[in-house]
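Keep in mind it's a predicted model, so treat the numbers as computed, not measured.
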Amino acid sequence: MTLENERIRLGVGGPEMIRLAEDIGTLAVRVAEAKGGERLKAETDHYVKGQISRMRVACGACASRMVKDAAADALRAEPIERPAWDRRSDFLLRLVMAFYPQGLVTERKEGSLALPRHCLSRLGVFLREVLGTLPYSDLNADVSRLISRFPNVQDVELRRILLGHPPSRLLLLKTLIRLVQAFEHTDEVRGIFMETMRSEAWPNVFRPTPQHFAALCDGLFGELMVMLQNPKEGDDLDQWFGRGATERLLDMLERVAVPA
């Protein structure tokens with residue numbers, strides 16, 4: 001069987017993993033023979049072959065399932081969403097969409113700034129591109145702490161709930177400020193947004209506009225600007241984020257808020 005056929009049957013990494021297991025198994029059998037004679041060699045050889053057989057079954061089942069899932073997605077006539085378990089665990093993406101003022105739709109209407117649901121995965125890619133993998137993971141962990149405080153709240157209600165919950169205020173501010181810093185170079189970030197969000201694949205065709213990006217920035221940072229200009233009792237950004245933090249953040253927000 002050729003390597004290409006093996007990869008189809010066992011997945012891209014399956015053949016390599018099995019060959020590595022066979023090499024390790026051969027070494028283990030030799031050690032067993034040297035240490036314990038023929039009996040230990042036979043027992044070790046039997047064990048290794050059993051484990052490799054299980055690996056083949058597991059890799060084959062995984063590869064088959066992935067092929068079937070991909071084929072099913074390709075043939076679907078409706079927008080393709082990310083698996084629910086994956087999207088629900090992407091807490092930062094959920095927060096960003098909760099702050100997006102135009103919301104999500106299944107079927108997008110011409111001229112509407114609402115984002116089609118099939119764009120969620122690409123929006124997640126955009127955020128990772130702008131933030132970087134490690135900062136994204138840190139923010140995702142922070143947002144998971146925020147969202148976990150309200151397990152029974154729908155995502156569309158998160159913005160209102162978080163803004164009205166004083167104990168969550170500091171962590172929410174920290175998250176939004178980190179996003180402002182990532183969006184500071186607005187022209188560059190807008191370009192990444194336009195490139196990443198665009199899709200020409202039927203039926204999930206979507207051509208983002210500068211107005212989509214402006215709506216995203218307004219949803220994320222409009223309330224933050226109000227919060228900075230009208231601090232509530234107990235707010236002390238200079239203590240939390242360093243002296244002059246409020247002025248620096250307002251300057252950054254002014255740059256991010258430049259009309260598209």
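- Between Pro101 and Ala215, the shortest heavy-atom contact is CD-O, 3.4 Å.
- A search for side chain to side chain donor-acceptor pair (under 3.5 Å) contacts involving Asp45 returns Lys49, not counting sequence neighbours.
- Taking hydrophobic clusters as Ile, Leu, Val, Met, Phe, Trp and Tyr residues chained together by side-chain heavy-atom distances below 4.5 Å, Leu249 shares a cluster with Leu163.
- At a threshold of 4.5 Å between non-hydrogen side-chain atoms, the residues Ile24 and Leu27 do not count as touching.
- By the ring pair (Phe, Tyr, Trp, His ring centres under 6.0 Å) test, Phe206 pairs with His212, sequence neighbours left out.
- In this structure, Met225 CE and Leu220 CG are separated by 13.0 Å, a value rounded to the nearest 0.5 Å.
- Every pair tested for salt bridge (charged side-chain N to carboxylate O under 4.0 Å, His left out) that includes a residue from residues 132-141 fails, sequence neighbours excluded, so the list is empty.
- Looking at heavy atoms from C-beta onward, Phe213 lies in side-chain contact with Thr186 at the 4.5 angstrom threshold.
- Scanning for side chain to side chain contact (heavy atoms under 4.5 Å, CB included) contacts around Thr196 gives Val125, Phe126, Ile192, with sequence neighbours left out.
- For Phe150, the ring pair (Phe, Tyr, Trp, His ring centres under 6.0 Å) partners are His165, not counting sequence neighbours.
- The two atoms that bring Gly25 and Val48 nearest to each other are CA-CG1, 3.6 Å, heavy atoms only.
- Looking at heavy atoms from C-beta onward, Arg128 lies out of side-chain contact with Leu93 at the 4.5 angstrom threshold.
- The residues Arg145 and Asp142 are annotated as salt-bridged, a charged nitrogen and a carboxylate oxygen being separated by less than 4.0 angstrom.
- Taking the side chain as every heavy atom from C-beta outward, Phe221 and Leu179 approach each other to under 4.5 Å.
- A salt bridge does not link Arg30 to Glu33: none of the charged side-chain nitrogens sits closer than 4.0 Å to a carboxylate oxygen.
- Remark: the backbone N or O of Ala141 is paired with a side-chain donor or acceptor of Ser144 at under 3.5 angstrom.
- Taken from NE2 in His185 to CE in Met252, the straight-line distance is 10.0 Å, to the nearest 0.5 Å.
- Nearest heavy-atom pair, Leu92 versus Asn140, reported as atom, atom and distance to 0.1 Å: N-OD1, 2.8 Å.
- Using a 4.5 Å cut-off between side-chain heavy atoms of Ile, Leu, Val, Met, Phe, Trp and Tyr, with links allowed through other members, Leu170 and Val143 fall into the same hydrophobic cluster.
- A distance of 11.0 Å separates CD in Gln102 from CG in Leu104, rounded to the nearest 0.5 Å.
- Not a single donor-acceptor pair under 3.5 Å links the side chain of Asp155 to the backbone N or O of Arg94.
- Taken to the nearest 0.5 Å, the CG atom of Leu139 stands 7.5 Å off from the NZ atom of Lys174.
- Listed for the Ser199 side chain is a donor-acceptor partner under 3.5 Å among the backbone atoms of Asn204.
- Residues Arg39 and Glu43 form a side-chain contact, since some pair of their non-hydrogen atoms from C-beta on lies under 4.5 Å apart.
- Every residue was checked against the ring pair (Phe, Tyr, Trp, His ring centres under 6.0 Å) condition with Phe99, not counting sequence neighbours, and none meets it.
- When all heavy atoms of His118 and Arg122 are compared, the pair lying nearest together is ND1-NH2, 3.2 Å.
- Residue-environment remark: CD (Glu195) stays at or below the threshold of 12 foreign heavy atoms within 6.0 Å.
- Taking 4.5 Å as the limit, every side-chain heavy atom of Thr44 sits out of range of all side-chain heavy atoms of Val31.
- If you take CE on Met97 and CG on Leu158, they are separated by 12.0 Å, rounding to the nearest 0.5 Å.
- Counting all heavy atoms, side chain and backbone alike, Met197 lies closest to Pro208 at CB-CG, 3.9 Å.
- Heavy-atom neighbours of Glu200 CD from other residues, nucleotides or ligands within 6.0 Å: above the threshold of 12.
- A single hydrophobic cluster is not seen to contain both Val156 and Val105; linkage of ILVMFWY side chains at heavy-atom distances under 4.5 Å, directly or through other members, places them apart.
- Atom-to-atom distance recorded for Leu113:CG and Gln211:CD is 7.0 Å, nearest 0.5 angstrom.
- The closest side-chain heavy-atom distance from Leu216 to Phe183 is below 4.5 Å.
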Does the pair Asp251 and Arg248 meet the rule for a salt bridge (Lys or Arg N to Asp or Glu O under 4.0 Å), with working shown? CA-CA 5 Å; Asp251 287 343; Arg248 292 196 302 272; over 6 Å; no
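- Using a 4.0 Å cut-off between charged nitrogen and carboxylate oxygen, Arg159 and Glu157 do not count as a salt-bridge pair.
- In this model, a donor atom of one side chain and an acceptor atom of the other lie less than 3.5 Å apart for Tyr136 and Asp90.
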